[in-house]
Amino acid sequence: MSVKVRYFAWVRERIGKPEEEILPPASVTTVGGLMDWLAGRGEEYAYAFENRNVIRAAIDRAHARPDTAIKDAREIAFFPPMTGG
Amino acid sequence: MSVKVRYFAWVRERIGKPEEEILPPASVTTVGGLMDWLAGRGEEYAYAFENRNVIRAAIDRAHARPDTAIKDAREIAFFPPMTGG
Amino acid sequence: MIPTVRLQREPFDAAAETALLTRGRSDIGALVTFTGICRGDEAGEPIAALTLEHFPGMAEAEIERHVADAKERWPLTGVTVIHRHGRIEPGDGIVLVVTASSHREAAFAAAEFLMDFLKTRAPFWKQVERADGTSWIEAKKTDDAAADRWTRTAARREAAE
Amino acid sequence: MIPTVRLQREPFDAAAETALLTRGRSDIGALVTFTGICRGDEAGEPIAALTLEHFPGMAEAEIERHVADAKERWPLTGVTVIHRHGRIEPGDGIVLVVTASSHREAAFAAAEFLMDFLKTRAPFWKQVERADGTSWIEAKKTDDAAADRWTRTAARREAAE
């Protein structure tokens, strides 16, 4: 099932687009698994996810962890640690 | 040597005046000793100093303790715990 | 008490916001206002401006979640949170947090709590604009530690019950 | 940085004071404003007004002493303290503390520190005016405890050195 992914800040800049629809294989079941799969899609993705520990994620606009299941997600976002406020 | 004493808030109200010049005997050497001596000057003073533990004092506009010496003081103030802010 | 939470590109007016929050009220004893302002330097180097990127929808949701949390933790009589996005020049406000309560402890604690969470959980990212290009500001470990103290307090409180 | 310390009978304008403090500056990243306001009730009973008595001379000296102490403890880029005396009606401001720093931790800590000391060390006394007469507000133990935490922090810091 396809899912919308969104990228923010330097994750967006490195990948070169703000969002896309993707169709990961059924073996990808968690946020961390999705990062691994995305990192294998090309140079720009490998660069964006090169230091996976610092990348934060949100599923349907709520913070998620690497082990959070992505089943039923409509939208998954990846971004650097937040620096607002 | 005479010294100016000032009273604030309910200490002032109980004693019935905001300030006065007093001439305590030489045996009165500390803030606490002065409170004892003042308390013996009449009913209104006894009332003002009836619960001596709550009365605060200042010598020349700096906080003082019961054991602070009053030697060289030009002005001694007595007042309840502060409630500003 | 209905909190005000707003994201906007435009500057905010702290005085107008506090006036709105306090008008006609006599139950507010303590009002704390925090304004985060764009400084003219970052890491010791002069900057031309900051540009704040945000995740629309999630930013509002995260702020509202933490405002609701603050209302549960402290007896607040008013809360306003305004966060700007887009380009912001030195001297201009980035974020405004106003908290009101009958006593100062609650107002101070809630304002600090909200700021700590805005810094670490609200999806905003600051880009610095310098004469020679742009760069993203890195998150500070001290901000994570600041946010963490509220979680530890909650955990201790729960453990004690 | 020259702090502003003022005692006055007249109302203050928090917005005008913060504008004065921040005007033309680009080194302020965090601005905290605390306003203490006269509530319409005291100990659950409605009140008509508060009247603040103070010890002229000593009040200014105590505030200035604690402002100087705050400046030594935290890297502040601005401080304003205004305390009113005389009759103050519900909804009107009693005290204003504004602290500015490059980062929020210092601005928040200094504002709380100053308020804790104003409450317990500055010679002001609040009298409540009710329909049936007047009475003096009693000092709160929680205020002493709040002020005490700064002394304990200092003592711990010194012991560790």
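All values below come from the heavy atoms of this structure, side chains included, with hydrogens, waters and symmetry mates left out. From a predicted model like this one, the values you see are computed outputs, not experimental measurements.
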So which part of [X] gets closer than 4.5 Å to some heavy atom of chain B, the side chain, the backbone, both or neither?
X       : value
H54(D)  : backbone
E138(D) : backbone
R65(D)  : side chain

I'd like to know which of [options] tops the heavy-atom pair count under 4.5 Å against chain B.
options                           : answer
I94(D), V81(D), L52(D), T120(D)   : T120(D)
A59(D), G36(D), A61(D), P123(D)   : P123(D)
Q127(D), K140(D), R84(D), R121(D) : R121(D)

From M82(B) CE over to L118(D) CG, what is the distance, rounded to the nearest 0.5 angstrom? 11.5 Å

So how far is it from K71(D) NZ to M1(D) CE, rounded to the nearest 0.5 Å? 4.5 Å

Carboxylate-amine/guanidinium contact K126(D) E42(D), below 4.0 Å: no

In terms of side-chain geometry, is the basic nitrogen of D67(B) or R65(B) positioned less than 4.0 Å from the acidic oxygen of its partner? yes

In terms of the angle between their ring planes, are F8(B) and W125(D) parallel, tilted or perpendicular, with boundaries placed at 30° and 60°? parallel

Looking only at P80(B), P81(B), A58(B), A77(B), most heavy-atom pairs under 4.5 Å shared with chain D are made by P80(B)

Could you check whether atom CD of E10(D) has more than 12 heavy atoms from other residues, nucleotides or ligands sitting under 6.0 Å from it? yes

